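Worksheet: one structure, shown below.
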Amino acid sequence: MELQHLISKMQSGDRRALSRCISLVENSTSDALEILKQIHIRSDVPVIGITGPPGAGKSTLANALIASLKEFKPGCRIAVLAVDPTSPFTQGAILGDRVRMSDHFNDPDVYIRSLATRGVLGGLSARTLEITDVLKSAGFDFILVETVGVGQSEIEIAALADVTLVVLVPEAGDEIQTLKSGVMEIADIFVVNKADREGADIFEKNLRNMLHEKPGTSKAVPVFATIATRHEGLKELLAAVADYFHPEKIQKDLLRQRALQILMHQLWNSVDTAPFLKQFEQARQQPGFNLYRFADQWLKTRGGV
Ligand SMILES: Nc1nc2c(ncn2[C@@H]2O[C@H](COP(=O)(O)OP(=O)(O)O)[C@@H](O)[C@H]2O)c(=O)[nH]1
Ligand SMILES: [Mg+2]
């Protein structure tokens with residue numbers, strides 16, 4: 001199919017065209033940049049990030065959130081990107097996500113897409129940012145991005161999402177003190193899921209206390225308890241999430257950050273690594289070699305970039 005035709009079909013809501021566009025972007029084909037340059041990316045589509053440890057119930061919560069969003073805005077269209085690096089080789093987790101979100105699997109207004117991570121550091125696929133932009137051009141009202149909270153991915157999801165939910169479970173128990181600081185910093189909202197489990201109350205209380213103790217915080221990050229499997233606690237949670245749907249709340253730095261990210265991707269793609277590595281090998285033999293100076297010098301001499 002001709003690219004132009006594919007893009008216009010995708011933008012008018014054709015799901016197969018959308019899947020095709022996403023695959024082209026995901027695989028970084030030469031068509032990818034052409035697609036990204038041509039689409040009309042709506043800036044007012046809220047992106048809801050859901051992160052947390054494997055098994056916390058992120059997919060189940062996404063499934064429940066879809067139902068809540070459909071009540072909140074009847075007739076809305078929702079896209080879900082599920083990124084799970086815990087099983088880059090097997091498709092196990094991806095199937096799992098599909099089962100968890102199966103309530104909506106045949107719903108024409110809900111589009112669910114799994115992405116592989118291809119060993120990129122952190123939990124996001126190299127192209128999650130671009131694929132989110134494709135979704136923003138395809139007529140969705142809300143975009144959910146589910147990612148496992150490991151390594152870099154917290155920072156990445158925070159840069160991508162307008163509101164970031166960090167999902168924890170009571171079993172985390174004592175670990176609460178050792179929660180990676182990265183996770184604590186990016187959470188706009190904490191969700192204590194599996195509130196039907198023993199120890200949930202205490203866990204929630206400890207979490208609240210800890211958030212209050214955090215020095216330099218004027219307002220504690222809100223905590224909501226949910227039982228995602230039974231859609232319990234979703235109303236309260238959605239009310240807090242919806243607070244971020246107002247355009248003025250959408251992070252001001254976001255576009256700037258994304259502009260830089262896109263620039264970096266493009267720079268990266270434009271680099272011919274062979275001559276770089278050749279020069280590098282020569283330079284590193286010199287006494288007093290400094291990597292930063294080398295990189296700086298190299299950038300300056302390759303002409304205008
Ligand atoms: N008891 C209980 N189990 C839950 C709840 N939410 C999810 N689960 C279960 O936890 C397991 C992992 O859920 P999943 O959504 O796949 O977690 P993810 O890896 O974070 O996406 C599944 O067996 C779910 O049915 C909950 O609120 N209570
Ligand atoms: Mg999942």
Side-chain angles (χ1 to χ4, degrees), residues 47-69 78-105 110-118 120 122-125 128 131-132 142-151 153-154 156-158 160-161 163-173 175-176 179-180 182-183 186-204 207 223-238 240-241:
V47 178
I48 304 165
I50 304 177
T51 190
K58 298 177 298 296
S59 300
T60 315
L61 191 73
N63 181 62
L65 257 178
I66 292 169
S68 303
L69 283 166
I78 304 165
V80 183
L81 275 186
V83 194
D84 196 335
T86 55
S87 69
F89 304 112
T90 71
Q91 299 288 300
I94 288 168
L95 280 176
D97 285 339
R98 296 206 161 184
V99 171
R100 243 67 88 191
M101 291 185 244
S102 60
D103 288 0
H104 307 286
F105 212 62
V110 179
Y111 178 83
I112 299 171
R113 172 80 181 214
S114 303
L115 296 180
T117 54
R118 335 208 141 171
V120 187
L124 289 196
S125 144
T128 309
I131 291 167
T132 307
F142 303 103
I143 299 170
L144 307 185
V145 181
E146 175 195 334
T147 175
V148 175
V150 287
S153 61
E154 287 100 23
E156 289 176 2
I157 190 117
L160 176 78
V163 51
T164 303
L165 314 187
V166 173
V167 184
L168 301 170
V169 279
E171 286 94 297
E175 291 167 37
I176 198 158
L179 272 182
K180 282 176 290 159
V183 179
I186 57 130
D188 293 309
I189 294 171
F190 279 104
V191 179
V192 176
N193 189 40
K194 306 198 186 182
D196 52 324
R197 292 275 173 89
E198 207 174 320
D201 291 354
I202 296 170
F203 180 80
E204 196 189 328
L207 180 61
V223 178
F224 293 91
T226 59
I227 305 173
T229 38
R230 293 189 226 144
H231 294 219
E232 279 181 39
L234 263 290
K235 216 183 164 117
E236 295 80 0
L237 176 62
L238 182 63
V241 171

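Just so it is clear, the structure is predicted and the values come from calculations on it, not from any experiment. When a ligand or atom number is given, it counts from 1 through the structure's own listing order. Keep in mind that the numbers below use all heavy atoms, side chains included, and drop hydrogens, waters and symmetry copies.
- The Ala56 neighbourhood of ligand 1 comprises atoms 17 (O), 20 (O), with distances under 4.0 Å to a heavy atom of that residue.
- At least one N, O or S atom of Ser59 sits under 2.8 Å from the Mg ion (ligand 2).
- Side-chain atoms of Thr51 come within 3.5 Å of backbone atoms of Thr147 as a donor-acceptor pair (strictly under, hydrogens ignored).
- Residue contacts with ligand 1 do not include Arg230, since none of its heavy atoms lies under 4.0 Å from the ligand.
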- Task: Check step by step if side chain to side chain contact (heavy atoms under 4.5 Å, CB included) holds for Val191 and Leu61.
- Result: CA-CA 10 Å; Val191 179; Leu61 191 73; 4.2 Å; yes
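- Atom 27 (O) of ligand 1 has its nearest heavy-atom neighbour, among Ala82, Ala64, Ala228, in Ala228.
- The closest approach of Glu146 to the Mg ion (ligand 2), by N/O/S atoms, is made by OE2.
- Listed by atom number, the atoms of ligand 1 under 4.0 Å from Arg197 heavy atoms are 1 (N).
- One option in Ala200, Pro170, Pro54, Ser59 has a heavy atom closer to atom 21 (O) of ligand 1 than any other, and that option is Ser59.
- No N or O atom of Ile227 sits closer than 3.5 Å to an N or O atom of ligand 1.
- If you check the side chains of Ser59 and Glu146, you find a donor sitting under 3.5 Å from an acceptor.
- Here the CD1 atom belonging to Ile202 is positioned 8.5 Å from the CD atom belonging to Glu198, to the nearest 0.5 angstrom.
- The shortest distance between side-chain heavy atoms of Leu144 and Leu69 falls below 4.5 Å.
- With sequence neighbours left out, Phe142 forms a ring-ring contact (aromatic ring centres under 6.0 Å, His included) with Phe245.
- For the pair Ala195 and ligand 1, the shortest N or O to N or O distance does not fall below 3.5 Å.
- The minimum heavy-atom distance linking Ala161 with Gly49 is given by the pair CB-N, 3.5 Å.
- Heavy atoms of Val167 found under 4.0 angstrom from ligand 1: none, in either backbone or side chain.
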